[in-house]
Engineer: 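Handing you a structure now.
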Protein chains: 2
Amino acid sequence: MSPYDPSAFPPFAVTVDLVVLTVRHHALCALAVRRGEPPYQGRWALPGGFVRADEDLTQAAARELAEETGLHAQNGAHLEQLATYGDPHRDPRMRVVSVAHLVLAPDLPAPRAGGDARSARWAPVGELLHDGGPERGPGDGSSLAFDHDRILADGVERARSKIEYSSLATAFCPPEFTVGELRRVYEAVWGVALDPRNFHRKVTGTPGFLVPTGGTTTRQGGRPAQLFRAGGAALLNPPMLRPEI
Amino acid sequence: MSPYDPSAFPPFAVTVDLVVLTVRHHALCALAVRRGEPPYQGRWALPGGFVRADEDLTQAAARELAEETGLHAQNGAHLEQLATYGDPHRDPRMRVVSVAHLVLAPDLPAPRAGGDARSARWAPVGELLHDGGPERGPGDGSSLAFDHDRILADGVERARSKIEYSSLATAFCPPEFTVGELRRVYEAVWGVALDPRNFHRKVTGTPGFLVPTGGTTTRQGGRPAQLFRAGGAALLNPPMLRPEI
DNA sequence: GGAATAGTGTCTCTCAGACATTATCGA
DNA sequence: TCGATAATGTCTGAGAGACACTATTCC
């Protein structure tokens with residue numbers, strides 16, 4: 001290993017980008033902001049910004065999250081580092097390394113971006129990732145700015161994988177939720193239909209996953225459903241199984 | 001999101017650090033190099049170095065790997081990004097963000113570091129992470145430089161977790177290997193004993209995991225064992241199950 | 001023959017998947 | 001009463017864990 005030479009290291013800009021996911025209207029949605037300046041002016045992008053000289057990467061991500069959504073990572077939302085993207089040409093102006101973070105949040109009020117609703121929106125990830133139909137494709141102007149398509153795809157795949165073996169699906173739910181609401185989260189994130197009976201048996205039988213609050217709700221219509229809070233367990237054992245294809 | 005201001009971003013140094021793991025003598029070992037200059041002069045550290053101005057993060061990791069071990073990522077070794085560490089004070093001299101990478105390699109010849117064997121070694125991760133006994137602890141001079149203890153711990157946990165649901169355990173083996181050799185890899189990485197009969201049934205019954213070469217070997221002594229190559233499957237379904245505790 | 005490792009077989013219990021029925025609300 | 005959702009129960013097959021036996025080599 002060559003020794004450090006503090007006077008001769010190449011300077012980088014370091015940013016954080018956020019993949020903020022939520023479940024709205026039975027669909028997995030990501031937060032997108034419209035770029036107001038070049039490059040990629042007018043295109044949708046993931047929210048993000050520079051890491052400041054005195055803050056940690058996680059702090060920077062939490063600060064950007066609060067600035068973009070008003071959401072604080074301690075209020076039920078989950079924040080974790082996703083991956084780092086550093087292709088030399090990912091930003092045409094300078095060398096930028098971006099540390100992407102993944103946020104899982106309950107369904108929120110309309111996003112805000114400096115108060116301008118047209119510059120921020122929740123978009124179904126299927127639309128953003130061009131799964132919506134054959135008429136769309138990369139490079140036709142509908143894809144996200146920079147390499148944010150890939151970052152978003154990586155974040156979605158992380159979320160889909162992680163709700164299998166962790167209790168993170170509860171991060172998409174309000175503080176108290178029903179088994180049916182939790183099932184609809186799994187169905188939206190995975191894009192599959194799950195058997196309500198097997199799902200109910202599974203989640204209520206996994207130790208530490210759900211804690212009954214004693215209350216009930218009829219907000220979904222039909223018979224009143226028991227309310228639960230997230231249990232303390234971080235890892236599910238045995239895991240939830242994602243149906244094949 | 002505040003717009004880019006190319007003239008006013010805080011400059012960072014970006015490095016790659018490597019968690020290079022292998023299985024030697026029935027133990028999971030990591031590559032450590034001795035630091036030749038301050039800070040932490042004389043202490044063991046993970047190999048690594050600066051990312052150059054024109055190279056991608058993965059390229060930088062592969063280059064450092066080749067410089068430290070002579071190992072090329074295409075020769076059976078596995079290289080993937082691990083996580084990024086950017087605490088403002090992780091390096092006392094300047095703001096350094098390190099993108100850690102994880103390498104899984106077969107048992108190699110003795111490491112080299114500029115030809116000086118005393119400045120690089122394979123160390124059992126149990127020793128490096130102070131699991132060896134109560135007489136050792138953080139801060140007593142036996143821990144790694146910078147935040148490399150944590151990086152190593154994260155890399156080891158990634159490896160332990162990933163061989164459950166992927167075929168990556170074969171990256172610790174030579175191109176042709178026996179079921180028993182693969183079992184000893186799992187035993188070393190997880191630190192547990194596995195039932196040879198159930199293990200054999202499991203790995204040979206998982207589609208795409210192992211491909212018989214037709215050859216046999218007696219290098220382990222005893223009855224000749226069939227030789228296998230890694231199959232094409234990247235993900236194991238159903239996964240290998242790590243015994244509890 | 002003895003020691004070592006390789007390979008196969010059997011039993012049981014857990015659990016996921018498929019499926020039916022009853023319960024309790026609002027309109 | 002109807003239509004919605006919630007909750008519980010039964011059956012079956014796949015598979016993991018525990019365990020016994022045979023096979024083939026080198027000494």
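Basis for what follows: all heavy atoms, side chains included, without hydrogens, waters or symmetry-related copies. Naming convention: chains lettered A, B, ... in sequence-line order (proteins, then strands); numbering from 1 in each chain.
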Engineer: What integer distance in Å separates B:L210:CG from C:dA6:P?
Structural biologist: 14 Å

Engineer: To the nearest Å, how far apart are A:F177 CZ and D:dA6 P?
Structural biologist: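 Answer to the nearest Å: 14 Å.
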
Engineer: Separation of A:R242 atom CZ from C:dA16 atom C1', in whole Å?
Structural biologist: 17 Å

Engineer: For A:D195 and for A:G222, locate the closest nucleotide of DNA chain D by heavy-atom distance; then report the residue assigned to the nucleotide nearer the 5' terminus.
Structural biologist: A:G222

Engineer: Quick one: are A:L182 and A:L210 in side-chain contact, heavy atoms under 4.5 Å?
Structural biologist: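 Result yes, sub-4.5 Å side-chain heavy-atom pair found.
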
Engineer: Apply the side-chain contact (heavy atoms from CB on, under 4.5 Å) test between A:E80 and each candidate in A:V103, A:L102, A:L104; give the one that qualifies.
Structural biologist: A:L102

Engineer: Can you check whether A:R183 has a side-chain N or O nearer than 4.0 Å to OP1 or OP2 of D:dA6?
Structural biologist: yes

Engineer: Looking at B:A169 and B:V185, what are the two nearest heavy atoms and their distance?
Structural biologist: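 Heavy-atom minimum between the residues: O-CG1, 3.9 Å.
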
Engineer: Do the side-chain N or O atoms of B:Q226 get closer than 4.0 angstrom to the phosphate oxygens (OP1, OP2) of C:dG7?
Structural biologist: yes

Engineer: Select base, sugar-phosphate, or nothing to describe what B:P196 touches, counting heavy atoms under 4.0 Å on all strands.
Structural biologist: nothing

Engineer: If you measure from the Lys or Arg side-chain nitrogens to the Asp or Glu carboxylate oxygens, is any gap between A:R242 and A:E157 under 4.0 Å?
Structural biologist: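 A salt bridge is present here (some side-chain N lies under 4.0 Å from a carboxylate O).
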
Engineer: Rounded to the nearest Å, what distance is computed from the CD atom of residue B:Q220 to the C1' atom of nucleotide D:dT24?
Structural biologist: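 Taking CD of B:Q220 and C1' of D:dT24, I get 15 Å after rounding.
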
Engineer: Taking CZ from A:R201 and P from C:dC19, how many angstroms apart are they, rounded to a whole number?
Structural biologist: 14 Å

Engineer: Report yes if at least one side-chain N or O of B:K202 is closer than 4.0 Å to OP1 or OP2 of D:dA16; otherwise report no.
Structural biologist: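 The answer is yes; a side-chain N or O of B:K202 sits under 4.0 Å from OP1 or OP2.
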
Engineer: Using a 4.0 Å heavy-atom cut-off across all strands, classify B:R219 as base, sugar-phosphate, or nothing.
Structural biologist: nothing

Engineer: Given C:dA6, C:dG17, D:dT25, identify the nucleotide with an atom nearest to the side chain of A:L241.
Structural biologist: C:dG17

Engineer: Output the rounded distance in Å from CZ (A:R223) to C1' (C:dT24).
Structural biologist: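 Distance, rounded to whole Å: 6 Å.
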
Engineer: Rounded to whole angstroms, how far apart are CZ on B:F199 and C1' on C:dA6?
Structural biologist: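 Atom-to-atom, B:F199 to C:dA6, this comes out as 14 Å.
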
Engineer: Which one, D:dG17, C:dC19, D:dT5, comes nearest to the side chain of B:N198?
Structural biologist: D:dG17

Engineer: Is there a donor and acceptor pair, one atom on the side chain of B:R197 and one on the base of D:dA20, closer than 3.5 Å?
Structural biologist: yes

Engineer: I'd like to know if the side chain of B:D149 and the backbone of B:L144 have a donor-acceptor N/O pair within less than 3.5 Å.
Structural biologist: yes

Engineer: Check every atom of C:dT24, D:dT24, C:dG7 against the side chain of B:H200 and return the nucleotide holding the closest atom.
Structural biologist: C:dG7

Engineer: How long is the line joining CG of A:N237 and C1' of C:dA16, in whole Å?
Structural biologist: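 Interatomic distance, CG of A:N237 to C1' of C:dA16: 15 Å.
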
